[in-house]
Amino acid sequence: MAQNSTARQMPAVPTREYKGSPRQQTVHKTQADAQRVAFSNMEKSFFCFIGAVSLVLMIMLVSSQVELSNSSQFLQNINSEITAIQTKSSDLTQEVNELASNDRLNGIAKKNGLDLSESRIRNVTK
């Protein structure tokens with residue numbers, strides 16, 4: 001009985017070893033993974049353009065805020081100068097009124113030998 005064993009003549013085929021059940025090793029792709037598409041060059045350039053425009057607008061906004069702040073400070077300085085000049089003008093007007101008062105003028109006239117004659121004064125109205 002010569003049995004010819006064909007199993008011994010076949011080369012050994014490596015077998016896969018499963019670390020878990022076959023269900024656990026299967027990878028399920030979700031719809032999001034299956035539908036994900038890379039950005040095209042047009043989309044990339046569009047996003048870069050939008051980013052650059054946003055950056056320029058942010059810089060312009062900061063610049064205009066600084067300019068507005070400087071203008072506001074300049075306006076406050078001008079207003080304080082106006083107030084100082086108005087105060088000085090008011091003080092000078094008061095000094096002129098004091099120097100031109102009737103009592104003072106009559107005193108100076110008497111000191112220099114002048115007299116005031118009511119009969120020679122005329123009041124003119126328009």
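In this chain, numbering begins with 1 at the start of the sequence shown. These numbers come from the heavy atoms of this one structure, side chains and all, not from hydrogens, waters or symmetry mates. Fair warning: this is a prediction, and the values are worked out from it, not measured in the lab.
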Starting from V53, can I reach F46 by hopping between I/L/V/M/F/W/Y residues whose side chains sit under 4.5 Å apart? yes

Non-hydrogen side-chain atoms of L99 and R104 separated by less than 4.5 Å: yes

Interatomic distance, CG@L92 vs CD1@I85, rounded to 0.5 Å, equals 11.5 Å

Whether over 12 other heavy atoms sit under 6.0 Å from N102 CG: no

Could you grab the distance from atom CD1 of I121 to atom CG of N123, nearest 0.5 Å is fine? 7.5 Å

Drop me the distance from E43's CD to N41's CG, to the nearest 0.5 angstrom. 9.5 Å

Using the side chain to side chain contact (heavy atoms under 4.5 Å, CB included) criterion, which residues pair with N70? Sequence neighbours excluded. V66

Non-neighbouring partners of I82 that pass side chain to side chain contact (heavy atoms under 4.5 Å, CB included), sequence neighbours left out: I78, N79, Q86

When you measure from the side chain of Q94 to the backbone of D91, do you find a donor-acceptor pair of N or O atoms at a distance under 3.5 Å? no

Cluster check L57, I50: I/L/V/M/F/W/Y, side chain < 4.5 angstrom: yes

Verdict with reasoning, N77 to Q73, per side chain to side chain contact (heavy atoms under 4.5 Å, CB included): CA-CA 6 Å; N77 291 341; Q73 181 66 35; 3.3 Å; yes

If two hydrophobic side chains count as joined below 4.5 Å and joins carry through other members, does F49 share a cluster with I59? no

OG of S101 to CG of N106: how many Å apart, nearest 0.5 Å? 8.5 Å

